[in-house]
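Please read the structure below before turning to the comments.
Just so it is clear, the values below take in all heavy atoms, side chains as well, and ignore hydrogens, waters and symmetry mates. All of these numbers come straight from a predicted model, not from anything done at the bench. Both ligands and their constituent atoms are indexed starting at 1 by order of listing.
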Amino acid sequence: MAKGAYIAGKWAAGDGDWFEKTCPATGDTSWEGQAASAAQVNQAVENAREAGKSWRHMPQHDRTRILEAYAEEIGARAERISEAISRDMGKVKWDSLGEAAAMKGKIAVSIQAQVERAGGKSGDTAFGSAHLTHRPHGVMAVFGPFNFPGHLPNGHIVPALLAGNTCVFKPSELAPAVAEIMVECFEAAGLPPGVVNVVHGGRHTGAALLEADINGLLFTGSAGTGTAFHRHFAGRPDVILALEMGGNNPLIVWDPADVDAAADIAAQSAYLTTGQRCTCARRIFVPDNGFGGKVIDALVERARGLKIGAWNEDDVFMGPLVSEKAAEAAVDFQTMLSKAGGKPLRRLKRMDRGGGFVTAGVIDVTDASSIPDEELFGPLVQVTRVKDFDTALAMANDTRFGLSGGLVSDDDALWLKVHNEMRAGILNRNRPTVGAAGNMPFGGPGLSGNSRPGAYYAADYCAWPQASQVSDKAERLEAKGFPK
Ligand SMILES: NC(=O)C1=CN([C@@H]2O[C@H](COP(=O)(O)OP(=O)(O)OC[C@H]3O[C@@H](n4cnc5c(N)ncnc54)[C@H](O)[C@@H]3O)[C@@H](O)[C@H]2O)C=CC1
Ligand SMILES: O=C(O)CCC(=O)N[C@@H](CCC(=O)O)C(=O)O
């Protein structure tokens, strides 16, 4: 049985509600145990605060060295990390191995970012010297999502630690297992007890962490939850919030010479990780002509041809959704689009093998009305045929979100227009909307976050800058009208 709380360097059974996670591919129980209670959450925060007293004063190179060792430990456990993630949330093997590799790769990027974005500098002034220093916030609560249960919380935790903060990590209750391996890696790397604490559980544990004495909330998850958390901390400018949320991401496909290449890009944008990436394309715009028709046909052909299976089967592209509930929600979303006038060209359907398995869907919403600007976190893509490029661009931008977007076109002038006018933090040309680079900022405007992008820019929200003007001795000051 898994343990519910890792506090001050020791695992303990949780005192909260019992919960378990079932693998959506095999039906096996992948994690079971008790959640951390509110008392345990408070204890974890207190221990993180205590540990912070020495961690924040440790020389930067010593903190860096521990995190470099952590990277090695992650690398050595890539196979186990991949399996834990796949068993919990169903991600296929090559994809979860990719996540494990990203976890390791992120550490070097974060170390570089800490130096380049949160380092210090000094210079001479007329009176002495001026200095820039960065200081940690204190105790950071880290909330992880289920879709990248290792890589994305790791992308908050590592920069937070490098900057001298300590963390209390609440993994997603839909993919809790990988956190235990992360702890194992931190221990093996020599991280002092209390610097990272883990509290397992769902909403109750999360709510207790929000109420605890934290200095920052580093969140990756849905816009609904992130917005509720933002509301929770209204009037609390003393708590730093970094909210990484979802998208309703557009991809415009406009007359590239290679229809198959365009369809490949569109299909991978829509269906990678079973559509459970925040950067997945949800809306595809094509010209209302023969070319647009060919792209749609080629996309449908790809949706039909994807090999779907369990993480422990060979050569599968797409695993199941995270749960049966998610599969039902995806079907319901498609039904809602159909009622609004959408025409399914290839239906997203629950598969006979049960669990979270669904087929990949394409729905033509050209003639639909009142489509909600919502993210469906699954493999269903909406296509719209439009009369001209400006209409495509205007429709692409007609969203409250702004995470990712893209253009598939050989036309440089169109790219220039899209680059200047499409409102998306991750904006690609002739590349899938997914697969963002860790050495760049990751986030977007609107409801996709609170303008505190992560990845390379995570260093910015993990420390506050301090500016000092220094004169070695106190000297008399002069100013017009000031008494001498
Ligand atoms: N922009 C980004 O960097 C990314 C955003 N996402 C977004 O995350 C979502 C998928 O992840 P989910 O795990 O479903 O998100 P979620 O919002 O359901 O959960 C995220 C975390 O918040 C906790 N939580 C949820 N409701 C809570 C409540 N009422 N009180 C306290 N804690 C609560 C969960 O237990 C979990 O740890 C998608 O919307 C996706 O777009 C996912 C990955 C990257
Ligand atoms: O944080 C980073 O290193 C870059 C962000 C990243 O890995 N993005 C991935 C997955 C995130 C998601 O979509 O849920 C991507 O863009 O595919």
Side-chain angles (χ1 to χ4, degrees), residues 19 35 41 88-89 91 95 98-99 101-110 113 141-156 158-159 169-176 179 199-211 217-229 231-232 242-249 268-269 272-282 321-323 325-326 329 374-378 401-404 425-426 428 431-444 446-450 452-458:
F19 77 100
V41 169
D88 262 356
M89 53 73 71
K91 192 178 280 195
D95 201 3
E99 178 167 357
M103 287 172 75
K104 180 176 179 195
K106 194 54 176 292
I107 294 155
V109 169
S110 304
V142 177
F143 282 71
F146 76 80
N147 68 324
F148 275 84
H151 173 46
L152 292 172
N154 193 59
H156 290 305
V158 171
F169 170 30
K170 194 203 82 61
S172 166
E173 68 276 32
L174 299 179
V199 288
H200 276 301
R203 284 169 179 232
H204 294 312
T205 309
L209 188 50
L210 297 184
E211 292 295 339
L217 166 71
L218 311 182
F219 168 82
T220 307
S222 61
T225 308
T227 305
F229 287 6
R231 215 175 288 124
H232 179 93
L243 308 174
E244 316 286 346
M245 311 192 299
N248 190 11
N249 309 310
Q268 291 215 5
S269 298
L272 202 65
T273 317
T274 319
Q276 297 169 116
R277 288 200 186 203
C278 54
T279 42
C280 278
R282 310 294 176 196
L321 286 169
V322 66
S323 63
K325 199 170 145 206
E374 300 290 346
E375 171 193 59
L376 171 73
F377 215 51
F401 298 92
L403 189 58
S404 72
I426 295 130
N428 297 342
R431 294 291 302 157
T433 55
V434 288
N439 61 359
M440 298 278 244
F442 185 71
L447 211 50
S448 295
N450 66 334
R452 293 197 185 275
Y456 178 68
Y457 273 30

- Task: Go through the steps to decide whether Leu152 and Glu244 satisfy the test side-chain contact (heavy atoms from CB on, under 4.5 Å), and finish with yes or no.
- Result: CA-CA 10 Å; Leu152 292 172; Glu244 316 286 346; over 6 Å; no
- Note on the structure: Between Leu447 and Ala223, the two heavy atoms sitting closest are O-CB, 3.9 Å
- Which atom pair, heavy atoms only, marks the closest approach of Ser404 to Thr279? OG-O, 2.9 Å
- Assess whether atom NE2 of His232 is packed by more than 12 heavy atoms of other residues, nucleotides or ligands within 6.0 Å. yes
Between ligand 2 and the protein, which N/O pairs are shorter than 3.5 Å?
unit_1   : atom_1 : unit_2 : atom_2 : d
ligand 2 : 1 (O)  : Lys106 : NZ     : 2.9
ligand 2 : 3 (O)  : Lys106 : NZ     : 3.1
ligand 2 : 3 (O)  : His151 : NE2    : 3.2
ligand 2 : 7 (O)  : His151 : NE2    : 2.9
ligand 2 : 13 (O) : Cys278 : N      : 2.8
ligand 2 : 13 (O) : Thr279 : N      : 3.2
ligand 2 : 13 (O) : Thr279 : OG1    : 3.0
ligand 2 : 14 (O) : Asn147 : ND2    : 2.8
ligand 2 : 14 (O) : Cys278 : N      : 3.1
ligand 2 : 16 (O) : Thr279 : OG1    : 3.1
ligand 2 : 16 (O) : Gly435 : N      : 3.3
ligand 2 : 16 (O) : Ala436 : N      : 2.9
ligand 2 : 17 (O) : Arg277 : NH1    : 2.7
ligand 2 : 17 (O) : Thr279 : OG1    : 3.3
ligand 2 : 17 (O) : Gly435 : N      : 2.8

- Note on the structure: Applying ring pair (Phe, Tyr, Trp, His ring centres under 6.0 Å) to Phe401 and not counting sequence neighbours gives none
- Message: Ser222: which residues meet the side-chain contact (heavy atoms from CB on, under 4.5 Å) condition with it, sequence neighbours left out?
- Response: Thr225
- Identify whether NZ of Lys or CZ of Arg in Lys91 sits under 6.0 Å from the centre of the six-membered ring of Phe148 and within 45° of that ring's axis. yes
Which pairs of nitrogen or oxygen atoms, taken one from ligand 1 and one from the protein, are under 3.5 angstrom apart?
unit_1   : atom_1 : unit_2 : atom_2 : d
ligand 1 : 1 (N)  : Met245 : N      : 3.4
ligand 1 : 1 (N)  : Met245 : O      : 2.6
ligand 1 : 8 (O)  : Gly221 : O      : 3.2
ligand 1 : 8 (O)  : Ser222 : N      : 3.4
ligand 1 : 13 (O) : Phe146 : N      : 3.0
ligand 1 : 15 (O) : Ser222 : N      : 3.3
ligand 1 : 17 (O) : Ser222 : N      : 2.9
ligand 1 : 17 (O) : Ser222 : OG     : 2.7
ligand 1 : 17 (O) : Thr225 : OG1    : 2.7
ligand 1 : 35 (O) : Lys170 : NZ     : 2.8
ligand 1 : 35 (O) : Glu173 : OE1    : 2.6
ligand 1 : 37 (O) : Gly144 : O      : 2.9
ligand 1 : 37 (O) : Lys170 : NZ     : 3.1
ligand 1 : 39 (O) : Glu375 : OE1    : 2.5
ligand 1 : 41 (O) : Glu375 : OE1    : 3.3
ligand 1 : 41 (O) : Glu375 : OE2    : 2.6

- Query: Short question: side chain of Gln276, backbone of Phe377 - any donor-acceptor pair under 3.5 Å?
  - Reply: no
- Message: I'd like to know if the side chain of Ser172 and the backbone of Leu174 have a donor-acceptor N/O pair within less than 3.5 Å.
- Response: yes
